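The basis for the numbers below is simple: all heavy atoms, side chains too, and nothing from hydrogens, waters or symmetry mates. Owing to the predicted nature of the structure, the values given are computational and were not obtained by experimental measurement.
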Amino acid sequence: VQLQASGGGLVQTGGSLRLSCAASGLAASSHDLAWFRQPLGKEREFVGACSVSGHCSYYKESVEGRFTMTRDKTKNTVYLQMNSLKPEDTAVYYCAAAPRRSIFVDASEMSNARRYAYWGQGTLVTVSS
């Protein structure tokens, strides 16, 4: 299993970036995909997730309305469109995949890092003030 994240970079406050995460070696129909981030010196935190069905409405409260996730199951890729970026969005962003073991998974489970068995290498997003 490999998760290849890309698209990070340096952007000014208010700018936009689009991250991509291409998954290989796992079935799109049986894995939830998510983005987490880890600011320097802080713990990793949930950003957003897409379910196996392609439903992408799970977001960290502070990014809701600014960040949008989409999932292309044909390409086994998930995207994170980040708009109106703020300095506090500066972090290493990781994509992750969780095998779906039950039909229903609630929002708290979707945001639980312990569910995610596979992790990408991370891509750095820096937002300058």
Side-chain angles (χ1 to χ4, degrees):
V1 175
Q2 187 173 15
L3 299 172
Q4 185 66 44
S6 60
L10 174 64
V11 64
Q12 292 185 334
T13 296
S16 298
L17 280 175
R18 187 194 194 210
L19 306 184
S20 300
C21 176
S24 59
L26 59 83
S29 59
S30 61
H31 288 78
D32 299 319
L33 294 177
W35 287 98
F36 288 79
R37 68 186 183 187
Q38 187 166 19
L40 184 64
K42 297 184 179 180
E43 293 188 355
R44 191 172 297 187
E45 60 185 20
F46 172 76
V47 176
C50 293
S51 69
V52 293
S53 64
H55 187 61
C56 304
S57 64
Y58 308 91
Y59 294 101
K60 177 182 173 63
E61 189 174 341
S62 63
V63 308
E64 199 151 14
R66 300 188 297 121
F67 291 11
T68 303
M69 284 187 68
T70 54
R71 182 171 183 171
D72 185 336
K73 295 182 75 175
T74 62
K75 296 181 179 179
N76 215 359
T77 298
V78 65
Y79 304 94
L80 180 65
Q81 177 66 45
M82 304 185 293
N83 298 329
S84 303
L85 282 161
K86 305 175 181 179
E88 51 264 42
D89 295 318
T90 295
V92 177
Y93 284 70
Y94 298 89
C95 60
R100 177 61 75 94
R101 304 192 188 284
S102 59
I103 295 174
F104 179 74
V105 176
D106 65 21
S108 64
E109 292 174 285
M110 287 295 283
S111 63
N112 185 355
R114 294 180 180 181
R115 280 190 69 232
Y116 293 85
Y118 308 107
W119 293 82
Q121 84 286 2
T123 185
L124 176 63
V125 172
T126 304
V127 185
S128 63
S129 56

Between atom NZ of Lys60 and atom CZ of Arg37, what is the distance when rounded to the nearest 0.5 Å?
6.0 Å
Hey, is the main chain of Tyr79 close enough, under 3.5 Å, to the side chain of Ser20 for a donor-acceptor pair?
no
Residue pairs, two or more places apart or on separate chains, that pass side-chain hydrogen bond (donor to acceptor under 3.5 Å, both in side chains) and touch residues 111-125:
Asp32-Arg115
Hydrophobic cluster membership, Tyr93 vs Leu10, 4.5 Å side-chain cutoff
no
Is Val92 reachable from Met82 through a run of I, L, V, M, F, W or Y residues, each pair having side-chain heavy atoms under 4.5 Å apart?
no
Consider side chain to side chain contact (heavy atoms under 4.5 Å, CB included). Of Leu3, Asn76, Leu33, which one does Cys21 pass it with?
Leu3
d(Asp106 CG, Tyr58 OH) to nearest 0.5 Å is 8.0 Å
Can you tell me which residue pairs pass the disulfide (SG to SG under 2.5 Å) test with a partner in residues 26-60, sequence neighbours excluded?
Cys50-Cys56
Here the pair of heavy atoms bringing His55 nearest to Ser57 is NE2-OG, 2.8 Å
Say whether Met69 and Leu19 are linked into one hydrophobic cluster, either directly or through other cluster members, by side-chain heavy-atom distances under 4.5 angstrom.
yes
With rounding to the nearest 0.5 Å, note down the distance linking NZ in Lys86 to OG in Ser129.
14.0 Å
Shortest non-hydrogen separation from Met110 to Phe46 and the atoms involved
O-CE1, 3.6 Å
His31 versus Val1: any side-chain heavy-atom pair under 4.5 Å?
no
Taking the side chain as C-beta and beyond, is there a heavy-atom pair between Asn83 and Ser16 under 4.5 Å?
yes
Side chains of Val78 and Trp35 in contact at under 4.5 Å (non-hydrogen atoms):
yes
Using side-chain heavy atoms (C-beta onward) and a distance below 4.5 Å, is Ser51 in contact with Val105?
no
Is the closest side-chain heavy-atom distance between Gln81 and Thr70 below 4.5 Å?
no
Got Asp89 and Val125 here, is their nearest side-chain heavy-atom distance under 4.5 Å?
no
Test your reading of the model: is there a side-chain donor-acceptor pair from Glu64 to the backbone of Glu61, 3.5 Å cut-off?
no
Minimal non-hydrogen separation, Leu17 against Gly7, with atom names:
CD2-O, 3.9 Å
Once rounded to the nearest 0.5 Å, what's the spacing between atom CD of Glu109 and atom CZ of Arg101?
12.5 Å
Is the side chain of Thr90 donor-acceptor paired with the backbone N or O of Val127 at a distance under 3.5 Å, no angle test?
yes
Could you check whether any side-chain heavy atom of Tyr59 comes within less than 4.5 Å of a side-chain heavy atom of Thr68, counting everything from C-beta outward?
yes
State, to 0.1 Å, how close Val47 and Val63 come at their nearest heavy-atom pair, and which atoms those are.
O-CG2, 3.8 Å
